[in-house]
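In what follows, a single structure is set out as structure tokens and then discussed.
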Amino acid sequence: MKLLHSRNIDIECFALEDKKIKAIGLLDDDRGLPLQTYSGKKIPAGGDLHTMRVTLVLDEQLCIEQAEIEMLDTPGTQCLSIEQQSEQLL
């Protein structure tokens with residue numbers, strides 16, 4: 001049996017001043033087999049397809065006050081447009 005793809009999501013939460021919470025989520029897509037994306041990027045077996053970090057600051061009622069999205073690894077530049085979408089979370 002060969003692994004084709006895995007997706008892991010890790011979330012850590014930290015207490016801030018004024019009863020606020022900082023939540024940092026990391027999404028990591030890994031390829032089990034080598035891949036060449038439609039944009040031409042070659043990803044080796046075990047390589048990262050997507051790595052995204054989402055950082056949120058939540059108030060006392062768990063409403064989002066700040067949001068940041070970072071694409072750390074992508075199969076192509078079109079995936080980077082998600083970084084500009086964080087304002088929609090507010």
Side-chain angles (χ1 to χ4, degrees):
M1 183 165 51
K2 289 186 180 182
L3 175 67
L4 300 176
H5 177 260
S6 69
R7 174 172 283 177
N8 295 297
I9 300 172
D10 184 49
I11 300 172
E12 296 180 324
C13 297
F14 303 90
L16 300 177
E17 297 175 9
D18 301 329
K19 299 182 181 179
K20 294 181 183 179
I21 297 171
K22 179 181 259 187
I24 302 172
L26 186 68
L27 176 139
D28 191 30
D29 280 333
D30 292 325
R31 291 293 301 179
L33 300 173
L35 166 76
Q36 182 168 340
T37 68
Y38 55 87
S39 63
K41 182 177 179 181
K42 292 183 180 181
I43 300 172
D48 291 333
L49 184 60
H50 290 103
T51 305
M52 177 182 3
R53 181 172 36 230
V54 177
T55 304
L56 304 175
V57 175
L58 309 167
D59 68 13
E60 197 173 347
Q61 287 77 37
L62 301 181
C63 293
I64 299 170
E65 288 190 348
Q66 295 175 5
E68 180 181 12
I69 300 171
E70 301 169 89
M71 293 299 296
L72 306 173
D73 240 328
T74 66
T77 57
Q78 69 283 359
C79 298
L80 296 174
S81 65
I82 191 69
E83 292 180 332
Q84 308 310 313
Q85 305 300 317
S86 61
E87 294 84 25
Q88 294 181 11
L89 296 173
L90 302 177

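Computed from a prediction, not measured in an experiment: that's the story for all the values here. Residue numbers start at 1 and run along the sequence shown.
- Considering L33, D30, D29 as possible partners of H5, the one that fulfils the side-chain contact (heavy atoms from CB on, under 4.5 Å) test is D29.
- Residues satisfying the salt bridge (Lys or Arg N to Asp or Glu O under 4.0 Å) criterion with D28, sequence neighbours excluded, are absent altogether.
- By the salt bridge (Lys or Arg N to Asp or Glu O under 4.0 Å) test, E60 pairs with K19, sequence neighbours left out.
- When the salt bridge (Lys or Arg N to Asp or Glu O under 4.0 Å) test is applied to K41, the partners found at least two apart in sequence or on another chain are D73.
- The two residues G32 and A45 have their closest heavy-atom pair at O-CB, 3.4 Å.
- For Q61, the side chain to side chain contact (heavy atoms under 4.5 Å, CB included) criterion is met by D59, C63, not counting sequence neighbours.
- Listed by chain and number, the hydrophobic cluster partners of I24 are F14, where partners are ILVMFWY side chains within reach of under 4.5 Å, directly or through others.
- Neither V54 nor L16 shares a network with the other; the hydrophobic side chains, linked directly or stepwise wherever heavy atoms of I, L, V, M, F, W or Y lie under 4.5 Å apart, form separate groups for each.
- Across every non-hydrogen atom of L56 and A67, the tightest pair is CD2-CB, 3.7 Å.
- For the side chain to side chain contact (heavy atoms under 4.5 Å, CB included) test, residues two or more places apart in sequence or in another chain that qualify with L62 are I21, L58.
- Scored by the salt bridge (Lys or Arg N to Asp or Glu O under 4.0 Å) test, K2 finds no partners at all (sequence neighbours excluded).
- Qualifying side chain to side chain contact (heavy atoms under 4.5 Å, CB included) partners for L26, counting only residues two or more places apart in sequence or in other chains: T51, R53, L72.
- Partner of L27 under the side-chain contact (heavy atoms from CB on, under 4.5 Å) criterion, chosen from D10, N8, I9: I9.
- Through side-chain heavy atoms spaced under 4.5 Å, either directly or across other Ile, Leu, Val, Met, Phe, Trp or Tyr residues, L3 is tied to no other residue.
- With sequence neighbours excluded, the residues that form a side chain to side chain contact (heavy atoms under 4.5 Å, CB included) with L35 are R31, T37, I43, L49.
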